[in-house]
Q: 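Sharing a structure here in structure tokens format.
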Amino acid sequence: MIGYVRVSTEEQSRHGHGLRAGIDYLSRYSEANGWDLVTVMMDVVSTRRTARMLGRAATITAVEMGAADAMLIRAIDRVTRSVKDGADLQAECRDAGVRLLSCDGYDSADEETQLTANIKIAVAQEERRLISRRTREGLARARAEGKRLGRQSTVPEEVAARIVELRRAGETYAGIATKLDADNVETPGGSPRWRPAAVRAIYQRSAEVES
């Protein structure tokens, strides 16, 4: 087996949050089933763009070339971010003739497991959508009620909702600031760059409103 783990941020990779746990889980599962886990490849990304997932592509290629019998993941809804991403992963493996196995029972060679896998992916995507919606609704409700949490915020609701969604997905404040700068999102105070401290303040204020 060649394992594959996907985590959301550089912080998770650097400090082992998610990454080390994922590798250990694949190791224990392989040992319990009498499989030889050759190696574990990974992606540290917060994106749905499969073109950036070099670890995923390398894993599929390695199995295709005969380095292992199958690609092992912890759960298909953990290594994908959307229904389309899940479908892309399955299609990439199918086109390469690679068997994809998960520790929670998915087996690309067994059609009976396909429906459950698709449901899990869809549910995970819906949970992320609901988190984003609740955040936006909470902000709107607070404003309608005239609630003020500290200094009056000049941050657009969609920007605050994005910050909350990224943070809850595991992104660091610095990582969020970098993404906002890359997308040319205007800072609330007119600063030329987003600062992690400002991102943290917006997240904490928005999370308090939602609660």
Side-chain angles (χ1 to χ4, degrees), residues 1-27 29-30 35 37-109 113-114 116-129 131-132 162 165-172 174-183:
M1 297 288 168
I2 293 182
Y4 172 70
V5 176
R6 174 180 176 175
V7 293
S8 298
T9 68
E10 291 183 6
E11 181 180 33
Q12 286 177 304
S13 176
R14 189 165 55 247
H15 299 298
H17 303 311
L19 179 57
R20 184 160 48 242
I23 294 173
D24 290 345
Y25 195 95
L26 294 184
S27 297
Y29 188 83
S30 296
W35 298 337
L37 187 63
V38 178
T39 188
V40 177
M41 298 186 182
M42 68 202 72
D43 279 313
V44 184
V45 292
S46 295
T47 179
R48 297 179 185 178
R49 301 178 184 177
T50 56
R52 295 183 180 180
M53 297 177 205
L54 302 181
R56 185 160 103 181
T59 305
I60 294 172
T61 298
V63 177
E64 182 183 16
M65 297 298 292
D69 295 326
M71 174 179 177
L72 179 65
I73 58 177
R74 180 167 181 173
I76 197 164
D77 56 316
R78 285 177 175 262
V79 299
T80 58
R81 290 286 296 168
S82 66
V83 172
K84 182 181 183 304
D85 189 16
D88 287 344
L89 172 58
Q90 294 173 76
E92 289 165 10
C93 290
R94 182 175 58 251
D95 292 346
V98 168
R99 185 180 182 184
L100 178 63
L101 299 171
S102 77
C103 299
D104 63 349
Y106 174 72
D107 183 350
S108 61
T113 65
Q114 186 67 56
T116 301
N118 290 341
I119 291 173
K120 288 181 178 180
I121 295 170
V123 168
Q125 176 179 291
E126 180 65 7
E127 287 176 347
R128 286 187 288 268
R129 187 189 69 81
I131 289 172
S132 179
R162 182 183 179 188
E165 183 178 12
L166 286 171
R167 181 60 180 167
R168 288 179 174 172
E171 186 64 87
T172 63
I176 296 172
T178 298
K179 291 179 183 297
L180 295 174
D181 284 335
D183 292 341

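Numbers here simply count residues along the sequence, with the first being 1.
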Q: Asp24: what forms a salt bridge (charged side-chain N to carboxylate O under 4.0 Å, His left out) with it, not counting sequence neighbours?
A: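 By the salt bridge (charged side-chain N to carboxylate O under 4.0 Å, His left out) rule, Asp24 matches no residue at all.
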
Q: Using only atom types and a distance under 3.5 Å, with no angle test, would you say the side chain of Glu171 pairs donor to acceptor with the backbone of Ile176?
A: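 No.
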
Q: For a quick test of reading the model, state the closest non-hydrogen atom pair linking Gly22 to Val5 and the distance between them.
A: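 Looking at all heavy atoms of both residues, the closest pair is C-CG2, 4.0 Å.
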
Q: Could you pull out the closest heavy-atom pair between Leu101 and Trp35, with the gap in Å?
A: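 Here Leu101 and Trp35 meet closest at CD1-CH2, 4.1 Å.
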
Q: Sequence neighbours excluded, which residues qualify as side chain to side chain contact (heavy atoms under 4.5 Å, CB included) partners of Gln114?
A: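 With sequence neighbours excluded, Gln114 shows a side chain to side chain contact (heavy atoms under 4.5 Å, CB included) to Gln90, Tyr106, Asn118, given in chain and number order.
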
Q: Measure the CD1-CE distance between Ile23 and Met42 for me, rounded to the nearest 0.5 Å.
A: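 Ile23 atom CD1 to Met42 atom CE measures 4.5 Å (nearest 0.5 Å).
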
Q: For Ala117, does its backbone N or O pair with a side-chain atom of Asp77 as donor and acceptor, under 3.5 Å?
A: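 Judged by distance alone, no pair lies under 3.5 Å.
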
Q: Identify the two heavy atoms, one from Ile121 and one from Val83, that lie closest to each other, and give their separation to 0.1 Å.
A: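 For Ile121 versus Val83, the nearest heavy atoms are CG2-CA, 3.6 Å.
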
Q: Taking all heavy atoms of Tyr4 and all of Val40, pick out the closest pair and write down the distance.
A: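 Taking Tyr4 first and Val40 second, the nearest heavy atoms are N-CG1, 4.3 Å.
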
Q: For residues Tyr25 and Cys103, report the shortest heavy-atom separation together with the two atoms involved.
A: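 Distance-wise, the nearest heavy atoms are CE2-CB, 3.6 Å.
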
Q: Just jot down the salt bridge (charged side-chain N to carboxylate O under 4.0 Å, His left out) partners of Glu127, sequence neighbours excluded, or say none.
A: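 Salt bridge (charged side-chain N to carboxylate O under 4.0 Å, His left out) list for Glu127, sorted by chain: empty.
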
Q: Nearest 0.5 Å please: distance from the OG1 atom of Thr172 over to the NZ atom of Lys179.
A: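 Answer for the OG1-NZ pair, Thr172 versus Lys179, is 9.0 Å.
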
Q: What residues form a side-chain hydrogen bond (donor to acceptor under 3.5 Å, both in side chains) with Arg162, not counting sequence neighbours?
A: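 By the side-chain hydrogen bond (donor to acceptor under 3.5 Å, both in side chains) rule, Arg162 matches Asp183.
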
Q: Using the side-chain hydrogen bond (donor to acceptor under 3.5 Å, both in side chains) criterion, which residues pair with Arg94? Sequence neighbours excluded.
A: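 So Arg94 forms no side-chain hydrogen bond (donor to acceptor under 3.5 Å, both in side chains) with any residue.
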
Q: With rounding to the nearest 0.5 angstrom, report the CZ to CG distance, Arg56 to Asp85.
A: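 Atom-to-atom, Arg56:CZ and Asp85:CG are 4.5 Å apart.
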
Q: Using residues 58-72 as the side-chain source, report each donor-acceptor pair under 3.5 Å to any protein atom, sequence neighbours left out, with the distance given to one decimal.
A:
{"unit_1": "Thr59", "atom_1": "OG1", "unit_2": "Gly55", "atom_2": "O", "d": "2.7"}
{"unit_1": "Thr61", "atom_1": "OG1", "unit_2": "Ala57", "atom_2": "O", "d": "2.9"}

Q: Do you know the tightest heavy-atom contact between Thr80 and Ile76?
A: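 That would be OG1-O, 2.7 Å.
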
Q: What residues form a side chain to side chain contact (heavy atoms under 4.5 Å, CB included) with Thr116, not counting sequence neighbours?
A: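 Here the qualifying residues are Lys120.
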
Q: side-chain contact (heavy atoms from CB on, under 4.5 Å) between Met1 and Leu26: does it pass, once the steps are laid out?
A: CA-CA 10 Å; Met1 297 288 168; Leu26 294 184; over 6 Å; no

Q: Go through the structure and list residues passing side-chain hydrogen bond (donor to acceptor under 3.5 Å, both in side chains) with Ser102, not counting sequence neighbours.
A: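 side-chain hydrogen bond (donor to acceptor under 3.5 Å, both in side chains) list for Ser102, sorted by chain: Asp104.
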
Q: Using the test side chain to side chain contact (heavy atoms under 4.5 Å, CB included), find all partners of Ala182 that sit at least two apart in sequence or belong to another chain.
A: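 Partners of Ala182 by the side chain to side chain contact (heavy atoms under 4.5 Å, CB included) criterion come out as none, since no residue qualifies.
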
